[in-house]
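Read the structure below first, then the notes.
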Amino acid sequence: MFALVDCNNFYVSCERAFQPRLEGKPVVVLSNNDGCLISRSAEAKALGLRMGEPYFKVKDLIQRHEVRVFSSNYALYGDMSARVMHYLSSVVPEVEVYSIDEAFLDLHGMGRYHGDLATLAATMRYQIRKRTHIPVCIGIAPTKTLAKLANRLAKKSPLLNGVLHLDTPERVQWALEQTPVEDVWGIGGQYTQKLYSQGISTAAQLAAMSEGWARKQLGGVVGARLVRELQGTPCHGLAPSEDGSLSRKSIACTRTFAQPVSAFTDVVAAVAYFASRAAEKLRRQQSAANTLTVFISKNRFGTEPPPHTRSSVLTLPVATSDTVELLRYTRTALKRIWEPGAVYRKAGVILDGLETAGQQQLLLFESNEQAERRAKLMSDLDRLNERFGKNTVQFAVALPANIHAQVPWVGQSQWRTPAYTTCWDDLLFIRA
DNA sequence: TCTGGGGTCCTAGGACCC
DNA sequence: TCTGGGGTCCTAGGACCC
């Protein structure tokens, strides 16, 4: 049996945990750059505000209904997430942290110690609420895909008190019949259209199809697994996360610019900044990268036809996490795709082919001593930035030509709340 | 005027190797 | 006219997820 624990409207719930007066009011959280809506309270959803909608398009509606708006505060959300995951790991040995607000649990054999699984889930739900003020829902089923589906129904129906256990074939069938096909995990926009055009509109209808059909219609082996999972055969195991943090297979840092940029020096500085950030993340999870991708994009909403993005992939001679080295490759990659005169809106750096750090061979002609010096430089850099704050020490190439100007590749976030739990200066102040 | 930032997995084709 | 069978790596692109 698998359980899926999913935090309700997670970012909004994090903000509410520190401002209880927002309870019952419409609240939304915006993406980076205050661009789109990425988390909405139930009240905001009821007003018709949709996920991913650009803020500027719904600004009037938001003001008219006095919806509270927040910029995203990832320092806060990341820390709140860690608290939820830490609690789950204390109860269940096998936890897969699936995303910032979701975890799969392996409940195999847990019934022996805890009795009824639905009761165990209700306890976890209560404890998470008590400890973090984050509301969660829990779905339990024989496969991950069905646990997802159960979770969604637990969220929708208040009668279920946030927990649904699909413990009999009859309940599984009932749940499949309740679920529109587009709400199945793995069915996105393209497949929804395709399925509707073939008369398939519910999860139950999809579950009745053959594996061969699914393979042909839904992207090969991915579709075959999806249908098998709906039929109750597990095709996805649990990938337990050690220490409750995610170890990624690729690391990216990408941004839409606050203003369009067309000077080479500015774009160099932007991608150098992104590469520095990505390298920090890389060292934090003690990895080294084998490939580096740089991409630059023009306005994808304009009248110009695609492609809007050009990218350049470099395979590195030796995997590295050294910012100095990565910056050199970043510049090389950028030069390959640079078009003079173009106006760029977005850029990014992606590090791929990650492996465990410290197992790389020395670069040709480099002595042990040199390698150690480079490693020490990076760890000193990380320690300074950790202690005194992000960007305390930076590489000059990652700075704009005019260091007093507004940096175009660092977006606006007008409504960001304090990092209550991760920064001493931001501690919550309570008036007596 | 203003449209996010991460990730995953899979497929297919070409180059190259033995 | 006939012209193997595997394997890897790289790249690009497609679909999906939160």
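Chain naming here is simple, since letters A, B, ... match the order of the sequence lines and numbering starts at 1 in each.
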Quick check on A:Q173: does its CD atom have over 12 non-hydrogen neighbours (other residues, nucleotides or ligands) under 6.0 Å away?
yes

How about A:F264: does its CZ atom have over 12 heavy atoms from other parts shown lying under 6.0 Å from it?
yes

Touch class at under 4.0 angstrom, heavy-atom based, for [X] against every strand present:
| X | result |
| --- | --- |
| A:G189 | sugar-phosphate |
| A:E102 | sugar-phosphate |
| A:K148 | sugar-phosphate |
| A:D101 | sugar-phosphate |
| A:T315 | sugar-phosphate |
| A:R345 | sugar-phosphate |

All N/O donor-acceptor pairs, side-chain side in residues 287-296 of chain A, below 3.5 Å, sequence neighbours left out:
from, atom 1, to, atom 2, distance (Å)
A:S287, OG, A:Q285, NE2, 2.8
A:N290, ND2, A:G353, O, 3.0
A:N290, ND2, A:E355, OE1, 2.8

Rounding to a whole Å, what distance do you find between [X]:[atom1] and [N]:[atom2]?
| X | N | atom1 | atom2 | result |
| --- | --- | --- | --- | --- |
| A:Q412 | B:dC2 | CD | C1' | 11 Å |
| A:K346 | B:dG5 | NZ | C1' | 7 Å |
| A:N33 | B:dC2 | CG | C1' | 9 Å |
| A:K155 | C:dC18 | NZ | C1' | 11 Å |
| A:Y55 | B:dT3 | OH | P | 13 Å |
| A:F257 | B:dG5 | CZ | C1' | 14 Å |
| A:L4 | C:dC18 | CG | C1' | 11 Å |
| A:I38 | B:dT3 | CD1 | P | 15 Å |

[Y] backbone acceptor or donor facing [X] side chain under 3.5 Å:
| X | Y | value |
| --- | --- | --- |
| A:R68 | A:V27 | no |
| A:S321 | A:R283 | no |
| A:S31 | A:C36 | yes |
| A:D322 | A:V324 | yes |
| A:D79 | A:T422 | no |
| A:R345 | A:P260 | no |
| A:S72 | A:L30 | yes |

Taken in chain and number order and not counting sequence neighbours, the residues that satisfy side-chain contact (heavy atoms from CB on, under 4.5 Å) with A:A3 are A:L105, A:L107, A:I138, A:I140

Heavy atoms within less than 4.0 Å of DNA chain B: which residues of residues 61-79 of chain A have one? Give them sorted by number.
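Residues of residues 61-79 of chain A under 4.0 Å from DNA chain B: none.
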
In residues 297-309 of chain A, what residues come within less than 4.0 Å of DNA chain B, judged by heavy atoms?
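A:R300, A:F301, in order of number.
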
Under 3.5 Å between N/O atoms: give me all the protein pairs with nucleotides 14-17 of chain B, atom names plus distance.
none

Pairs in or reaching into residues 31-72 of chain A: which pass ring pair (Phe, Tyr, Trp, His ring centres under 6.0 Å), with residues at least two apart or in two chains?
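Only A:Y55-A:W415 qualify under ring pair (Phe, Tyr, Trp, His ring centres under 6.0 Å).
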
Side-chain N or O of A:T256 versus OP1/OP2 of B:dG4: is the shortest distance under 4.0 Å?
yes

Using a strict threshold of under 4.0 Å (side-chain N to carboxylate O), is an ion pair present between A:D60 and A:R64?
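Result for this pair is no, no salt bridge flagged.
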
Any ion pair linking A:R277 and A:E280 (charged N to carboxylate O, less than 4.0 Å)?
yes

B/S/- contact track for nucleotides 6-13 of chain B, protein heavy atom under 4.0 Å
SSSSSS--

For DNA chain C, determine which residues of residues 177-187 of chain A have any heavy atom closer than 4.0 angstrom to one of its atoms, and list them numerically.
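Residues of residues 177-187 of chain A that come under 4.0 Å of DNA chain C are, in numerical order, A:V184, A:W185, A:G186, A:I187.
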
Please report, to 0.1 Å, the donor-acceptor pairs under 3.5 Å made by any side chain of residues 216-233 of chain A, with sequence neighbours excluded.
from, atom 1, to, atom 2, distance (Å)
A:Q217, OE1, A:Q198, NE2, 3.0
A:E229, OE1, A:K144, N, 3.4
A:E229, OE1, A:T145, N, 2.8
A:E229, OE1, A:T145, OG1, 2.6
A:E229, OE2, A:C235, N, 2.7
A:E229, OE2, A:H236, N, 3.0
A:Q231, NE2, A:A207, O, 2.9
A:Q231, NE2, A:M209, O, 3.0

Supply the atom-to-atom distance A:I337 CD1 to A:S312 OG, rounded to the nearest 0.5 angstrom.
5.5 Å

Could you list the residues that satisfy ring pair (Phe, Tyr, Trp, His ring centres under 6.0 Å) with A:F104, not counting sequence neighbours?
A:Y98, A:W185

Test log, rule side chain to side chain contact (heavy atoms under 4.5 Å, CB included), inputs A:T417 and A:Q19:
CA-CA 10 Å; A:T417 47; A:Q19 297 191 53; 3.8 Å; yes

Does the side chain of A:T123 come under 3.5 Å of the side chain of A:Q127 through a donor N or O and an acceptor N or O?
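No, because no side-chain N or O of A:T123 sits under 3.5 Å from a partner of the opposite role on A:Q127.
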
My validator wants the stems of DNA chain C: runs of 3 or more consecutive Watson-Crick or G-U pairs, both distances under 3.5 Å, written as range with range.
B:5-18 with C:5-18

When rounded to the nearest Å, what value does the distance between C1' atoms of C:dG4 and B:dC16 take?
16 Å

A:S39: which residues meet the side-chain hydrogen bond (donor to acceptor under 3.5 Å, both in side chains) condition with it, sequence neighbours left out?
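Per chain and number, A:S39 pairs via side-chain hydrogen bond (donor to acceptor under 3.5 Å, both in side chains) with no residue.
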
